[in-house]
2 protein chains.
Amino acid sequence: MEIRENAFVVCEAGVCRGVFDAVPERYGALEVIDCENLLVMPGMVDLHTHAPQYAFCGTGMDYELLTWLIRVTFPEELKYADAEYAAAAYDRFAQMMARSATTRAVIFGTRHAEATLMLMDRMEKSGLVSYVGKVNMDRCDPKALAEPSAAEAAADTRRFIEESLRREYRHTKPIVTPRFVPSCSDQLMAALGELRRTYGLPVQSHLSENPDEVELVRELAPWSAFYGDVYDHYGLFGGDCNTVMAHCVHSTPQEVQRLRDNGVWVAHCPSSNMNLSSGIAPIRRYMEQGLRVGLATDVAAGTSPSMFRATTDAIQLSKLYQRCMDGNARALTFPESFYLATKGGGSFFGRVGSFEEGYAFDAVVLDDSAGAPGEAMPVQERLQRAFYWELDRNGIVMKFADGERIF
Amino acid sequence: MEIRENAFVVCEAGVCRGVFDAVPERYGALEVIDCENLLVMPGMVDLHTHAPQYAFCGTGMDYELLTWLIRVTFPEELKYADAEYAAAAYDRFAQMMARSATTRAVIFGTRHAEATLMLMDRMEKSGLVSYVGKVNMDRCDPKALAEPSAAEAAADTRRFIEESLRREYRHTKPIVTPRFVPSCSDQLMAALGELRRTYGLPVQSHLSENPDEVELVRELAPWSAFYGDVYDHYGLFGGDCNTVMAHCVHSTPQEVQRLRDNGVWVAHCPSSNMNLSSGIAPIRRYMEQGLRVGLATDVAAGTSPSMFRATTDAIQLSKLYQRCMDGNARALTFPESFYLATKGGGSFFGRVGSFEEGYAFDAVVLDDSAGAPGEAMPVQERLQRAFYWELDRNGIVMKFADGERIF
């Protein structure tokens with residue numbers, strides 16, 4: 001991580017041209033925005049979050065995954081059948097995202113196509129760049145939340161994709177979103193694989209988050225070599241389509257190998273993994289083995305929508321992992337976790353997450369005065385404090401995504 | 001944890017008289033303070049925090065304990081030899097504490113008596129109830145921070161205690177504060193045991209935080225049965241004096257037994273234990289075995305001064321402990337962690353930390369509107385969100401300690 005003081009980051013025609021101590025002559029005609037005493041950094045990339053769950057974020061933290069889904073999550077997601085409810089809830093979610101340090105996100109909606117399109121409208125207006133998925137789930141309780149059949153689910157999803165493309169959003173794209181293997185019949189998974197190929201879409205889902213969940217998949221798909229093998233069987237696991245899998249806490253060595261071979265992105269969700277007692281993902285190992293890794297808030301199993309918080313959570317969990325599980329797995333440094341939160345996850349979108357020449361220009365400007373840093377505090381300490389104290393909460397004073405100014 | 005809606009908590013002559021659905025006639029003459037739509041709760045008790053370290057809180061998170069002390073902490077504490085520096089830094093610390101949800105605290109100063117008295121002045125003005133200790137350390141690097149000899153350290157400490165008592169603070173008391181065994185020669189420990197008995201003071205220190213530290217104590221005191229045995233040998237480990245020991249992450253079964261037998265309070269410091277890669281203290285086990293346990297921020301190995309944060313950190317760590325270390329150690333529930341943060345630590349001060357009849361009246365009133373709870377959110381969910389979102393940051397709108405209104 002490079003820190004440059006009193007320097008200029010240049011954005012020309014939406015693309016980053018690099019960081020300079022003085023503005024090069026060829027950029028002399030560009031507008032200069034004064035950020036004196038502010039911290040300018042690449043925008044953060046949230047690789048996995050559930051927009052409908054923001055409504056109960058910070059609550060319901062009394063269960064492990066499968067029970068939490070039944071008791072807390074599914075009852076809330078049911079409400080999104082009501083367009084008025086969805087509109088208000090997604091207004092709040094999009095407003096929160098707009099103010100945040102997050103410039104790009106990969107987002108779960110609910111199984112309701114209409115509500116998910118409303119979410120896409122609002123994400124487009126927010127100025128962020130995002131993938132938004134209508135969730136597929138044809139086998140779950142309560143039945144009211146389940147899609148009635150694989151065929152209807154596939155048709156509904158096709159219509160959703162078509163409509164989202166028809167709207168010609170500039171910054172908001174659909175993504176194929178099987179909730180997870182337990183929720184999706186083989187027929188539905190096959191249909192989704194078809195849709196994925198037909199429309200050339202990326203994929204998002206959950207993988208190996210919780211031991212009971214992994215066991216359940218083993219029972220449901222005894223033919224599979226491992227959990228992720230089920231997704232791969234249906235063409236929903238990397239290869240020629242960008243795929244992000246959340247969690248990967250309990251991935252077997254074979255699964256890790258396939259994640260790497262197929263170039264699947266791992267979305268590390270530290271807050272969620274603590275809150276649902278899932279465990280600690282061996283992120284250092286994944287990085288050493290060349291897997292693609294990014295960070296995520298996983299609202300609302302994750303209790304905070306802040307990517308600053310996710311960054312420090314990841315560091316803290318990696319320290320516990322080294323102390324308690326594997327002394328050879330070096331804890332993440334601050335620059336490394338910052339990398340996961342920016343460039344690591346940003347690679348899912350392309351050249352995103354850095355001020356290097358040729359990268360998309362995503363940036364947030366932070367006023368960290370609420371942290372009362374004092375005159376003498378070096379910038380790298382101001383940055384650490386800003387993250388540990390979550391000064392992104394009310395501190396983002398300017399924001400740019402894909403070369404356009406949001407505020 | 002009981003939640004009472006639209007009820008009245010009564011404070012009469014500084015003492016809590018209980019919670020009622022309607023004001024009993026005998027209290028009819030008391031002033032009624034309207035807290036409509038606000039959350040009224042017992043003030044939090046921070047059992048272990050380092051006032052001089054607030055200056056770098058949220059930074060310096062790159063080391064384990066012993067290296068962190070040398071590279072980050074001792075250089076900062078040296079600065080408190082300068083009265084002007086101490087005054088400004090302790091102004092900021094006391095102001096932060098005043099605004100916080102913390103009503104009682106057990107606080108480390110530095111080895112500098114003059115600065116520590118300045119800290120006591122400011123804590124007295126803050127309205128909180130606290131113990132403040134001049135730190136003892138006659139063997140450490142850098143030498144400039146070490147007290148010059150055990151005899152001078154003891155004399156200096158005696159003068160400090162005498163002066164703090166002469167000032168007749170109502171809410172701020174001295175506490176005997178050996179930094180930890182590695183910092184204190186046998187002669188100094190013996191002298192501190194004397195001072196403790198002479199003045200009838202409580203004791204605070206650190207215990208079994210980090211494996212290298214535990215090993216160091218074993219080398220320095222090979223005669224001891226375990227780390228805490230050293231403190232006990234000098235009369236600084238419970239029994240007839242209230243003692244709080246921070247961390248207890250790596251306590252042996254014998255040490256745990258002695259903690260319990262001597263009635264020593266364990267100050268659980270979850271943030272610190274993550275940040276310095278110390279590990280996870282087996283709090284459920286301690287509670288099951290009848291140890292006295294409270295919570296602490298341990299600023300600045302702990303990156304947050306918020307007791308709301310400490311409360312949720314403790315829950316999260318206990319979930320990881322159950323998942324990764326001991327499946328039989330049930331994770332803490334929210335009410336249990338809230339208990340540790342209030343009544344658990346409060347017992348160190350007496351009948352503190354609850355709205356039960358006869359308890360000291362410590363209370364904070366929280367405006368949680370920043371959490372945008374929505375009309376239908378039940379109070380227990382508003383409370384969870386307030387804690388997970390650290391709404392104590394700017395949300396404490398009224399505060400009472402020991403029956404007196406602070407603001």
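Throughout, protein chains are lettered first and strands after them, A, B, ... in sequence-line order, and every chain is numbered starting at 1.
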* **Residue Ala386(B) versus chain A: region with a heavy atom under 4.5 Å** => neither
* Structure fact -> On a heavy-atom basis, the closest approach of Met325(B) and Cys324(A) is SD-CB, 3.6 Å
* **Engaged part of Leu383(A) at the chain B interface, taking heavy atoms whose separation is under 4.5 Å** => neither
* To do: Using non-hydrogen atoms and a 4.5 Å limit, figure out which bit of Met61(A) sits close to chain B: side chain, backbone, both or neither.
  => both
* Asked: According to the salt bridge (Lys or Arg N to Asp or Glu O under 4.0 Å) rule, which pairs have a member within residues 270-280 of chain A, sequence neighbours left out?
  -> none
Between these two chains, chain A and chain B, I want each donor-acceptor atom pair under 3.5 angstrom written on its own line with its distance.
unit_1	atom_1	unit_2	atom_2	d
Tyr54(A)	O	Arg385(B)	NH2	3.4
Ala55(A)	O	Arg385(B)	NH2	3.1
Cys57(A)	O	Arg385(B)	NE	2.8
Cys57(A)	O	Arg385(B)	NH2	2.9
Gly58(A)	O	Arg385(B)	N	3.2
Gly60(A)	N	Gln384(B)	OE1	3.3
Met61(A)	O	Lys319(B)	NZ	2.8
Glu64(A)	OE1	Arg323(B)	NH2	2.8
Asn275(A)	O	Lys319(B)	NZ	2.7
Asn275(A)	OD1	Gln316(B)	NE2	2.8
Ser277(A)	O	Arg323(B)	NE	2.7
Ser277(A)	O	Arg323(B)	NH2	3.2
Thr303(A)	O	Trp389(B)	NE1	2.9
Gln316(A)	NE2	Asn275(B)	OD1	2.8
Lys319(A)	NZ	Met61(B)	O	2.8
Lys319(A)	NZ	Asn275(B)	O	2.7
Arg323(A)	NE	Ser277(B)	O	2.7
Arg323(A)	NH2	Glu64(B)	OE1	2.8
Arg323(A)	NH2	Ser277(B)	O	3.2
Gln384(A)	OE1	Gly60(B)	N	3.3
Arg385(A)	N	Gly58(B)	O	3.2
Arg385(A)	NE	Cys57(B)	O	2.8
Arg385(A)	NH2	Tyr54(B)	O	3.4
Arg385(A)	NH2	Ala55(B)	O	3.1
Arg385(A)	NH2	Cys57(B)	O	3.0
Trp389(A)	O	Arg393(B)	NH1	2.8
Trp389(A)	O	Arg393(B)	NH2	2.8
Trp389(A)	NE1	Thr303(B)	O	2.8
Arg393(A)	NH1	Trp389(B)	O	2.8
Arg393(A)	NH2	Trp389(B)	O	2.8

* If you count heavy-atom pairs under 4.5 Å between each of Ala372(B), Pro211(B), Gly371(B), Pro305(B) and chain A, which one has the most? -> Pro211(B)
